[in-house]
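Here the structure is a predicted model, which is why all the values come from computation and not from measurement.
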Amino acid sequence: MSGGLYTQLLDLACGAFLLAAVVVLWGRELTMIVRVFALQGVALAAIAVLLGAHEARWDLVGVGIGIGLLRAGVLPYLMRRALAALAADRAHSEEVRETQPLVNVAASLLTAALLTLLAYAVARPLTELHPTPATHALPVGLAVVLIGFFVLVTRRRALAQVVGFLLLDNGITATAFLATSGVPLIVELGVSFDVLLAVLVLQILTARVREAFGTTDIDDLRELHD
């Protein structure tokens, strides 16, 4: 693979990765948000595969394929199952939509733009130390970390907050790949299984909370506590 083609494909994958995070922030239908998250998993896998192919590191290519299977296949499947259970229950059909986030759409998109600018400002000294196509894309990973955290703290539905947590993890993974040209296979496997376990636990807890209190809206649950 030529250097020019590698740079173009890496920029395309990173652009799709960041765009998916912004669309998640913009979306309200949880079904659509899960689909976009799956597409972001594909973009993250593409980043890892491109880095591995460029450096002739086939272990990194294998890690990228594994990430694609987990974050574009298994995790979205688990979240779709949870959404299907909510949609099947007419009493909780409103749970499949994020109706009243703490920050409206316009303010959320403006915040995403500001967080992206902040990520580029913070990463600039790092990219100047070792300027490569991968390090030039490093701010994308940092921006997704910040956007994921923003989704996590501004969404009211429990499943939407799970997506925010997963965006945060995707951003951290992308940052590790772009900053260090990949991580050891055993480390990535351990982290991926931890994330899978966390999602399974959160899915079970969400179902139990909905059965017990009739909602997964964080504000409503806080009022019950009060």
Side-chain angles (χ1 to χ4, degrees), residues 7-48 50 67-68 71-72 75-76 79-80 83 95-127 133-179 195 198-199 202 216-219:
T7 302
Q8 291 176 0
L9 291 177
L10 184 63
D11 289 343
L12 180 62
C14 290
F17 184 71
L18 178 58
L19 179 61
V22 175
V23 174
V24 167
L25 189 61
W26 168 77
R28 291 293 175 266
E29 295 290 341
L30 294 182
T31 302
M32 184 271 287
I33 288 175
V34 171
R35 290 174 181 168
V36 175
F37 171 76
L39 293 177
Q40 188 186 56
V42 174
L44 178 59
I47 291 172
L50 285 170
I67 286 176
R71 307 195 185 201
L75 295 180
M79 288 187 286
R80 281 194 295 268
L83 287 174
E95 296 283 323
V96 300
R97 179 177 174 82
E98 182 66 55
T99 53
Q100 295 179 338
L102 298 179
V103 182
N104 61 34
V105 173
S108 295
L109 294 178
L110 178 60
T111 302
L114 294 175
L115 291 176
T116 302
L117 291 175
L118 175 62
Y120 272 88
V122 170
R124 184 176 180 181
L126 298 176
T127 58
T135 55
H136 281 303
L138 183 61
V140 171
L142 295 176
V144 173
V145 170
L146 297 175
I147 292 173
F149 184 75
F150 183 72
V151 172
L152 184 61
V153 300
T154 59
R155 293 300 181 262
R156 298 175 60 184
R157 302 295 181 193
L159 281 174
Q161 292 186 342
V162 170
V163 174
F165 166 75
L166 293 174
L167 284 180
L168 180 64
D169 182 70
N170 278 354
I172 293 172
T173 302
T175 301
F177 281 132
L178 295 169
V195 171
V199 171
L202 290 172
T216 60
D217 188 297
I218 302 302
D219 287 346

Which heavy atom in Val36 sits nearest to a heavy atom in Ala20, and how many Å separate them? CG1-O, 3.3 Å

Working to the nearest 0.5 Å, report the span between CG of Leu109 and CH2 of Trp26. 9.0 Å

Using 0.5 Å steps for rounding, measure from the CG atom of Leu50 to the CG atom of Asp11. 10.0 Å

Using every non-hydrogen atom in the two residues, find where Ser108 and Leu25 come nearest and quote the distance to one decimal. O-CD2, 3.2 Å

Applying salt bridge (Lys or Arg N to Asp or Glu O under 4.0 Å) as the test, list every pair that has at least one member in residues 101-126; sequence neighbours left out. Arg124-Glu128

Heavy-atom closest pair (Leu142 atom, Ala123 atom, distance to 0.1 Å) is CD1-CB, 3.7 Å

Mind checking whether His136 and Leu10 have side chains closer than 4.5 Å, heavy atoms only? no

I'd like to check Thr173 versus Asp169 (side-chain heavy atoms, cut-off strictly below 4.5 Å). Are they in contact? yes

Do Phe150 and Leu114 come within less than 4.5 Å of each other through their side chains, counting heavy atoms only? no

For Leu126 and Leu138, which heavy atoms make the closest approach, and how far apart are they? CD1-CD2, 3.9 Å

Using the side-chain hydrogen bond (donor to acceptor under 3.5 Å, both in side chains) criterion, which residues pair with Thr135? Sequence neighbours excluded. Thr132

Which residues pass the side-chain contact (heavy atoms from CB on, under 4.5 Å) test with Val153, not counting sequence neighbours? Phe149

Met79 side chain reached by Ile33 side chain, heavy atoms, under 4.5 Å: no

What closest approach, in Å, do Ala38 and Pro76 show between heavy atoms, and which atom pair accounts for it? CB-CG, 3.6 Å

Atom of Ala160, atom of Leu30 and distance for their closest heavy-atom approach: CB-CD2, 3.8 Å

May I ask you to test the Gln8-Leu12 pair for a side-chain heavy-atom distance under 4.5 Å? no

Mind checking whether Cys14 and Ile47 have side chains closer than 4.5 Å, heavy atoms only? yes

In Å, rounded to the nearest 0.5 Å, how long is the span from CG of Asn170 to CD of Gln40? 4.5 Å

Dump the intermediate steps for side-chain contact (heavy atoms from CB on, under 4.5 Å) on Tyr120 and Val140, then the final yes or no. CA-CA 8 Å; Tyr120 272 88; Val140 171; 4.0 Å; yes

Side chains of Ile147 and Val24 in contact at under 4.5 Å (non-hydrogen atoms): no

Can you check whether Arg155 reaches Val163 side chain to side chain, under 4.5 Å on heavy atoms? no

Working for side-chain contact (heavy atoms from CB on, under 4.5 Å), residues Arg71 and Leu166: CA-CA 9 Å; Arg71 307 195 185 201; Leu166 293 174; over 6 Å; no

Return the CG to CG distance between Leu110 and Asn104, rounded to the nearest 0.5 Å. 10.0 Å

